[in-house]
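Residue numbers start from 1 in every chain, and the chains themselves are labelled A, B, ... in the order their sequence lines are given, proteins ahead of strands.
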Amino acid sequence: AQSVTQPDIHITVSEGASLELRCNYSYGATPYLFWYVQSPGQGLQLLLKYFSGDTLVQGIKGFEAEFKRSQSSFNLRKPSVHWSDAAEYFCAVGTDKLIFGTGTRLQVFP
Amino acid sequence: DTGVSQDPRHKITKRGQNVTFRCDPISEHNRLYWYRQTLGQGPEFLTYFQNEAQLEKSRLLSDRFSAERPKGSFSTLEIQRTEQGDSAMYLCASSPTGFEQYFGPGTRLTVT
């Protein structure tokens with residue numbers, strides 16, 4: 001079955017600290033992978049995507065993600081978190097019909 | 001550059017009433033998607049269109065739900081005889097290729 005798992009429901013970091021959000025997927029074909037961010041009461045904004053090629057992909061707002069086929073993972077990273085990064089983050093896989101994880105809520109302390 | 005727009009942003013309705021939501025995709029995006037998101041969950045796929053053709057419908061889309069995209073531009077999602085379980089955020093997205101989707105702000109439905 002196709003699925004996305006985000007093991008961390010809630011993460012708290014201090015401003016300026018590094019961040020890694022985990023994502024594991026199960027997908028039968030070549031995965032097309034995405035990270036989205038959602039602020040409260042808002043829609044989703046695409047942070048970055050992986051289709052093929054270089055396994056380290058750069059996105060907007062200083063985020064990057066690394067695709068590891070052997071671990072079926074696509075973890076999101078940021079070297080230094082800003083207070084404005086506080087939001088809900090969703091990992092997704094698929095084409096047309098996207099399958100989303102349950103999200104990780106990021107809280108940033110000053 | 002205008003993004004995906006959705007109307008209304010919020011809708012409160014009584015159980016048993018019909019509601020209709022509208023989505024305007026990014027201009028020239030031929031694919032349009034509907035998702036539903038309940039509290040604390042990720043979005044769940046409902047249906048999608050390529051131009052005016054509805055290509056896939058989720059099992060979540062019961063007989064009370066219908067979606068249209070009559071001219072291949074905007075789309076409507078109608079829910080008939082609403083139930084409290086329909087309370088959710090309804091998200092629309094569009095894509096030029098099917099490989100990356102751009103989401104609108106959503107319509108939050110509350111059924112009382």
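Both A:F90 and B:Y33 are part of a single hydrophobic cluster, where members link through side-chain heavy atoms under 4.5 Å apart. Residue A:I99 is grouped with residue A:V37 when hydrophobic side chains (ILVMFWY) are merged at heavy-atom distances under 4.5 angstrom, including chains of intermediate members.
For A:Q38, the part sitting under 4.5 Å from any heavy atom of chain B is the side chain, from C-beta outward, and nothing else. For B:Q101, the parts lying near chain A are the backbone and the side chain together; criterion is any non-hydrogen pair under 4.5 Å. The part of A:K49 that comes within reach of chain B is its side chain, from C-beta onward, which places non-hydrogen atoms under 4.5 angstrom from that chain. Residue A:L46 touches chain B through its side chain alone, counting heavy-atom pairs closer than 4.5 Å.
The number of heavy atoms from other shown groups lying within 6.0 Å of CD (B:E28) does not exceed 12. For B:L39, the CG atom is loosely surrounded, since the number of other residues' heavy atoms within 6.0 Å does not exceed 12. The number of heavy atoms from other shown groups lying within 6.0 Å of CD (B:E68) does not exceed 12. Atom CD1 of B:I12 has 12 or fewer neighbouring heavy atoms from other residues, nucleotides or ligands inside a 6.0 Å radius. More than 12 heavy atoms of other residues, nucleotides or ligands lie within 6.0 Å of CZ in A:R77, so this atom counts as buried by the packing criterion.
A distance of 6.0 Å separates OG1 in B:T97 from CZ in A:F51, rounded to the nearest 0.5 Å. To the nearest 0.5 Å, atoms CD (B:Q37) and CZ (A:F100) are separated by 8.5 Å. Considering CG of A:L98 and OH of B:Y35, their distance stands at 3.5 Å, rounded to 0.5 Å. Going from atom CZ of B:R9 over to atom CD of A:Q42 covers 5.5 Å, rounded to the nearest 0.5 Å.
Contact record, A:D96 with B:Y48: OD2-OH, 3.4 Å, taken as the closest heavy-atom pair.
Of all the listed residues (B:E100, B:R108, B:Q41), the one sharing the greatest number of non-hydrogen pairs under 4.5 Å with chain A is B:E100.
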